[in-house]
2 protein chains.
Amino acid sequence: MESEESEPVRRRPGGRAARVREAVLAAAADVLVEHGAAKLTIAGVAARAGVNETTVYRRWGTREKLVLDALLAASDQGIPVPDTGDVRADLTAFATALAEYLATPLGRAVARAAVLGADDPALAEAWQEFWRSRLDQAAVMIQRAVDRGELPAGTDAAVAVELLAAPVQSRALLGHRPPEPDFPGRLAAVILDGLRGR
Amino acid sequence: MESEESEPVRRRPGGRAARVREAVLAAAADVLVEHGAAKLTIAGVAARAGVNETTVYRRWGTREKLVLDALLAASDQGIPVPDTGDVRADLTAFATALAEYLATPLGRAVARAAVLGADDPALAEAWQEFWRSRLDQAAVMIQRAVDRGELPAGTDAAVAVELLAAPVQSRALLGHRPPEPDFPGRLAAVILDGLRGR
């Protein structure tokens, strides 16, 4: 993601470059909420952030990278990966936070943009990177549980995080009904112990 | 869904009314694939099916009911609920059939229409009925397994079918990557026995 030219920018996290980055990503998130990813342009985001268009091009290069960075930033703020020391509590807290995030205007915009973006060849790679990154982050919960001896070595972490996140995403995206308060805990119970129980 | 006026229609499944119904639902499915649910109109579907607009109004009443009926018909054709006598085989076969259906143009159109339809208040109720109906049908697999003694009484069938279908839907809708051939089986394994194993 980082071009060599932008390296010095990252070494001054509190400086003007950091403020520009924050303003641009906030403007991009606003555009995502109001118009969707397909209508996001670098010119539009630059104007909204009050920065020069060439500054945005120098920092992000393409609109696809800008969209991806805005999504990752929005998603990082929205869904922290919990670390309670107990895998059931972690999974339940993560699914709860995801449901709450997807109920916000930004979360809804990100999820809907993802559905439409999946059909756009220019954005497809950015979306795949976005999801891979999110799922890898969430899989840390499973790895920690293996390290603590709560789950066996060789646990299918990739399928576990998809089983946890997807029902919450489907509830939000497909609108059949909002998740009940006990829904995250019911998901975690089946994922950990199965329908056959222990 | 059925008005009293349409009852006699249903009693002649092989007659002209049945052919009209089939033609209208096929035309509606074509419109869903090509233009999406938001742009489906009764006039457009009637013209495409070569039937009178008032015939469609008399049979379906509203565009929302026509959309729902077309989705249910398309979905019934696309995703049979298996009955192999073994719950793991049933769950794996259902997730496989769902993945194959969502890879077809009609399946993609239905899923994308669902995401956009969830935001349309006029369609929200039709979508909720669509999903409730689909999930209830799939839950029969769980009930049969309880009846056979494969799963304990009181098994959380509602969560089970959402855990099975949602990861397949998310793969299709969010485009992070198409399901691998072993993905349905891995989902079924975790849903039945959990990450902790037996």
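Atom set for the values below is all heavy atoms of this structure, side chains included, hydrogens, waters and symmetry mates excluded. Letters A, B, ... are given to chains in the order of the sequence lines, protein chains preceding strands, and every chain is numbered from 1.
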Name the one of Asp193(B), Ile142(B), Val146(B) that satisfies side chain to side chain contact (heavy atoms under 4.5 Å, CB included) with Leu195(A)? Ile142(B)

Proximal to chain B - members of residues 84-91 of chain A, heavy-atom separation under 4.5 Å: Val87(A), Arg88(A)

Which atoms form the tightest heavy-atom contact between Ser170(B) and Ala166(A), and what is the distance? OG-CB, 3.4 Å

Rounded to the nearest 0.5 Å, what's the gap from CG on Leu163(B) to CZ on Arg186(A)? Could you check? 9.5 Å

When you look at CD of Glu22(A), are more than 12 heavy atoms from neighbouring residues, nucleotides or ligands closer to it than 6.0 Å? no

Check residues 24-38 of chain A and write down every donor-acceptor pair under 3.5 Å in which the side-chain atom is one partner and the other belongs to a residue at least two apart or another chain.
from     : atom 1 : to       : atom 2 : distance (Å)
Glu34(A) : OE1    : Arg48(A) : NH1    : 3.3
Glu34(A) : OE1    : Arg48(A) : NH2    : 3.2
Glu34(A) : OE2    : Arg48(A) : NH2    : 2.6

So, the part of Leu151(A) with a heavy atom under 4.5 Å from chain B: the answer is side chain

Less than 4.5 Å apart, side chain to side chain, heavy atoms only: is that true for Arg171(A) and Glu162(B)? yes

Of the listed residues (Leu164(A), Val168(A), Val159(A)), which shares the most heavy-atom pairs with chain B below a 4.5 Å separation? Val159(A)

